[in-house]
Amino acid sequence: MTASVDEWSRLRAEMRACHKCLDADYVIVPGAVFSGPASARVMVVGQAPGVTESEVKRPFNGTSGTRLFQWLAQAGWEETTFRARHYMTAVTKCYPGKAKSGKGDRAPTRTEQKLCRPFLKRELMLVNPRLILPVGRLANEVFLGKFKLADVVGTCKQDDKGRYIVPLPHPSGASLWLNRPEHQARVAQALELLKRLRDELDL
Ligand code: SF4
């Protein structure tokens, strides 16, 4: 861990107390959701917490989490150990509420993402993970820019700090992307890759 205890505690307290999006008139449920120690060597970055995550303040607590941890188990990580050892956060850290269509949750706007980005930058700087797992299109765009999910899932990139980035799709049951056999094959490829990295980097 390169972060000082003070810097780490300050960041966590600031995230928990933040209501910048509310102040900017976005209807969010304040109370940032994140978990894990600064010593984590793997960082999962989702889009934004859902309602159950917001209630219990635990990332990937709902059905998306069930599938995500099934994937991670295939790569060799058991959920309880993973949650204790590694860091989980999101592009925006407060629940953004339901989508107007009534289908699923509202995607955070660009403004909300911009308001929350300094926190993500500080998390990345203080944790400095060896492996980053962006989950879902929005999180992947933060690290990889615009792309077709089918072109990047199953591949591995390294950023300018040598950190490995392994993109994953959103594990939500509502994601139609996962229904296609060729996409399921890309996920299987990504999990093979993760298993290899986990062993090679001792994560
Ligand atoms: S989403 Fe981020 S910037 Fe917006 S209120 Fe929550 S912690 Fe603050």
Side-chain angles (χ1 to χ4, degrees), residues 1-40 42-65 68 82-84 86-129 131-146 159 161 163 165 167-172 174-175:
M1 170 181 169
T2 51
S4 80
V5 174
D6 279 359
E7 280 176 301
W8 184 239
S9 307
R10 200 178 315 126
L11 172 62
R12 292 162 66 86
E14 280 178 39
M15 290 196 292
R16 286 195 176 111
C18 181
H19 44 77
K20 281 188 280 189
C21 294
L22 260 191
D23 297 345
D25 285 339
Y26 290 99
V27 185
I28 55 134
V29 179
V33 180
F34 54 90
S35 70
S39 57
V42 183
M43 184 186 276
V44 174
V45 183
Q47 172 172 301
V51 66
T52 77
E53 285 79 8
S54 174
E55 278 164 10
V56 298
K57 299 285 176 275
R58 188 177 191 242
F60 289 98
N61 188 61
T63 48
S64 295
L68 176 66
F82 188 92
R83 285 189 183 277
H86 299 303
Y87 193 74
M88 304 186 86
T89 188
V91 175
T92 61
K93 303 180 202 309
C94 298
Y95 176 50
K98 289 275 168 219
K100 272 195 185 143
S101 65
K103 280 190 203 145
D105 293 333
R106 180 176 70 82
T109 61
R110 292 217 172 268
T111 306
E112 290 165 287
Q113 293 175 46
K114 210 168 149 193
L115 286 170
C116 212
R117 189 60 48 83
F119 285 145
L120 182 59
K121 284 191 177 157
R122 283 166 68 191
E123 289 171 302
L124 282 164
M125 189 185 74
L126 295 178
V127 175
N128 195 20
L131 170 65
I132 300 168
L133 303 180
V135 176
R137 178 176 300 281
L138 196 146
N140 273 293
E141 281 182 8
V142 169
F143 293 95
L144 304 173
K146 292 273 180 200
D159 69 8
K161 294 188 168 50
R163 300 185 287 216
I165 300 171
L168 291 174
H170 202 284
S172 158
S175 167

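Atom set for the values below is all heavy atoms of this structure, side chains included, hydrogens, waters and symmetry mates excluded. Read the numbers this way: they start at 1 and go in the same order the structure lists the ligands and their atoms.
Put simply, the side chain of Arg58 reaches to within 4.5 Å of the side chain of Arg83, judged on heavy atoms. Taking 4.5 Å as the limit, some side-chain heavy atom of Met15 sits within range of a side-chain heavy atom of Glu123.
No side-chain donor-acceptor contact under 3.5 Å links Thr92 and Glu112.
Shown here are the protein N/O/S atoms lying under 2.8 Å from atom 2 (Fe) of ligand 1, water excluded: Cys116 SG.
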Next on the checklist: Please determine whether side chain to side chain contact (heavy atoms under 4.5 Å, CB included) holds for the pair Arg16 and Arg12, giving the CA-CA distance in whole Å, both sets of side-chain angles, and the decisive distance to 0.1 Å.
Outcome noted: CA-CA 6 Å; Arg16 286 195 176 111; Arg12 292 162 66 86; 3.4 Å; yes
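Partner of Cys94 under the side-chain contact (heavy atoms from CB on, under 4.5 Å) criterion, out of Val29, Val33, Ile28, Leu22: Ile28 alone.
The backbone N or O of Pro108 sits less than 3.5 Å from a side-chain atom of Gln113, completing a donor-acceptor pair.
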